[in-house]
Amino acid sequence: MELVEERPYRFRIEPRGGMRVPGVVFASRALLADAEESLKQVVNVATLPGIVAASYAMPDIHWGYGFPIGGVAATDVDHGGVVSPGGVGFDISCGVRLLAADTDRRALEPALPAVMDGLDRAIPRGAGPGGVWHLTGPGQLERILQGGSRYAVEQGYGEERDLMRCEDGGAVADADVTRVSERARERGSGQVGSLGSANHFLEVQQVAEVYDETVAAAFGIAAGQVCVMIHCGSRGLGHQICTDHVRAMDRAMTRYGITVPDRQLACTPVHSPEGRAYLGAMAAAANYGRANRQLLSDAARRVFRSAAGTRLSLVYDVSHNLAKAETHTVAGRRRRLCVHRKGATRAFPPGHPDLPEDLREFGQPVLIPGTMGTASYVLTGVPGGDAFFSTCHGAGRVMSRHQAARAVTGTELRARLEAGGIAVRPRSLRGLSEETPEAYKDVGEVVAASESAGLCRTVARLVPLGVLKG
DNA sequence: ATGTGC
């Protein structure tokens, strides 16, 4: 793959063959070692009908289904632009939520074991069914799919203020529950309010370092403060929706005269029946993922209140796997776009009208979940942000699950983390070993490259005190 | 990511 370094941390792949736009990759050379397969995916995405500006990749790019993880692609909906489920990923609306406690690490210390034991009991996790809500009637899942976090708050699982700190106010209005298959509903109905497995987690963290005092203060965080970070998505429901709609688009594509270099890029125009159906179902999954994080926040709040007398207030909730209707200026013209972000986080700049009023002058909080036992980051959007105001989403794997499990046993890893002062409550020791830090890139490098590329600014680094995993 | 395979 021919990468031209346009400037430090920004590489370009010139359009050729079926590419309609160039590829643009934000990274260091070091982060792109072994990226050959995922760079090919950047090139493939550049062939999609209606794509504008470039096929972008963030510094945490790695191989994914069709699109690379860490990919951003926008299509012009008024000029045949397509939507592709592979550009969102199987875990629709996977994202991160950060809550700030009204206490610091030292004050929490004596209560930490009780907090961890309480969370261990209160937070459903791991593969398969189980969630904090047991649905009572047939209409309840539909209300979750329509109402997202807003519905959870209406039912008493949160505060009205939470919704101000959620992307889209906690729910999007364009969910179409009729496009969510019976099978997806079945899978989703038993998992409402659950973490899932793999890289999903709930961590008790402390703010280890603040890089921008003013912005951190506006976000409600300070050095030493205890926080709770929740990383999870839409579980089996989102997975089934992706499966269903990839299949439908794969069958329909030729009717629209669309050919793609990889079947995993199955897509149809945004304004086709199949495109609208996917976007309606995707929005329902997005609301499900948000309700999921809202319910887990409420469960965590109850534990902190009873075990430590501590309150948790929401900093922000943002997804890194979504396609969204956004208007951007491209080549001097305002265009209505379908922006796919897959393993990439929206990072609106200061002054953006969609930000809550009290955060508007500081930019959007961007939440980066780190590898277990290392660090997580809070970033903020910056003026002139490239790639339709997007940045990285996390570390990115370098080792397969199998390799990781061979490198360390769960028991060894737990002992290592505990020796480092991190309490661990795993559901499965095998699952824990698959998430060993050496299986991932250094998230600090990813964040530094994102900032150097001009995609965001680093606000704070958080380190874990306790980890709950699936 | 995922009732960890079609």
Side-chain angles (χ1 to χ4, degrees), chain A residues 38 41 60-71 84-97 124-131 135 141 180-192 194-202 230-247 250-251 263-264 266 278 281-282 284-286 288-290 292-293 296 319-323 340-345 368-369 371-372 393-406 410 426-435 439-440 468-470:
Chain A
S38 45
Q41 295 189 313
D60 46 340
I61 178 175
H62 56 290
W63 186 89
Y65 181 90
F67 287 58
I69 294 164
S84 173
V88 172
F90 276 85
D91 194 2
I92 297 166
S93 187
C94 181
V96 185
R97 172 180 280 233
R125 56 200 192 278
L135 302 189
L141 184 66
V180 178
S181 69
E182 195 50 47
R183 202 168 178 198
R185 289 162 201 248
E186 274 168 26
R187 291 180 67 175
S189 60
Q191 302 180 320
V192 181
S194 65
L195 272 184
S197 56
N199 65 347
H200 290 163
F201 64 73
L202 182 150
I230 298 170
H231 177 207
C232 65
S234 54
R235 305 291 328 273
L237 179 123
H239 194 277
Q240 190 63 47
I241 286 172
C242 184
T243 303
D244 294 340
H245 290 263
V246 163
R247 185 174 304 152
D250 184 55
R251 288 182 185 141
R263 276 181 77 177
Q264 295 184 352
Y278 170 69
M282 185 209 71
Y288 182 99
R290 289 152 172 175
N292 201 11
R293 291 191 286 275
L296 292 171
S319 171
H320 45 237
N321 282 6
L322 273 184
H340 302 71
R341 292 188 184 87
K342 178 190 193 177
T345 315
I368 306 298
T371 307
M372 180 175 55
H393 89 302
R397 265 189 178 275
V398 290
M399 228 185 255
S400 71
R401 304 196 163 280
H402 191 72
Q403 277 178 301
R406 262 192 324 222
R427 177 55 38 99
S428 123
L429 284 169
R430 162 81 195 199
L432 193 71
S433 67
E434 290 176 351
E435 292 299 312
Y440 286 87
L468 268 85
K469 293 286 285 185

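Worth saying up front: this structure is predicted, and the values here are computed from it rather than measured. The basis for the numbers below is simple: all heavy atoms, side chains too, and nothing from hydrogens, waters or symmetry mates. A, B, ... follow the sequence lines: proteins, then strands. Residue 1 opens every chain.
- Considering every non-hydrogen atom in both Tyr288(A) and Leu141(A), the closest pair reads CE1-CD1, 4.0 Å.
- Around the CZ atom of Arg247(A), the shell of radius 6.0 Å holds no more than 12 heavy atoms that belong to other residues, nucleotides or ligands.
- Atom P of nucleotide dT2(B) and atom CD of Gln240(A) are separated by 13 Å, given to the nearest angstrom.
- His320(A) is listed as a side-chain neighbour of His231(A), based on a closest heavy-atom distance under 4.5 Å.
- Across all strands shown, Glu186(A) has no heavy atoms under 4.0 Å from either base or sugar-phosphate atoms.
- One can place CD1 of Ile92(A) at 11 Å from C1' of dA1(B), the figure rounded to the nearest angstrom.
- Rounded to whole Å, atom C1' of dT2(B) lies 9 Å from atom CG of Asp91(A).
- Ile69(A) places none of its side-chain heavy atoms less than 4.5 Å from the side chain of Arg397(A).
- Distance, Leu195(A) CG to dT2(B) P: 10 Å, rounded to whole Å.
- Across all strands, Arg183(A) comes closer than 4.0 Å to base atoms (heavy-atom distances).
- Every pair passing side chain to side chain donor-acceptor pair (under 3.5 Å) that includes a residue from residues 237-246 of chain A is listed here, sequence neighbours excluded: Ser181(A)-Asp244(A), Arg187(A)-Gln240(A), Gln240(A)-Asp244(A).
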Between the protein and nucleotides 4-6 of chain B, which nitrogen or oxygen pairs come in under 3.5 angstrom?
none

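- Distance CG (Asn199(A)) to C1' (dA1(B)): 8 Å, rounded to an integer number of Å.
- Rounded to a whole Å, the CZ atom of Phe90(A) is 9 Å from the C1' atom of dA1(B).
- Summarising the geometry, atom CZ belonging to Arg125(A) is positioned 4.0 Å from atom CG belonging to Leu468(A); distances are rounded to the nearest 0.5 Å.
- Atom P of nucleotide dA1(B) and atom CZ of Phe67(A) are separated by 19 Å, given to the nearest angstrom.
- Whole-Å rounding puts the Arg125(A) CZ to dT2(B) C1' distance at 19 Å.
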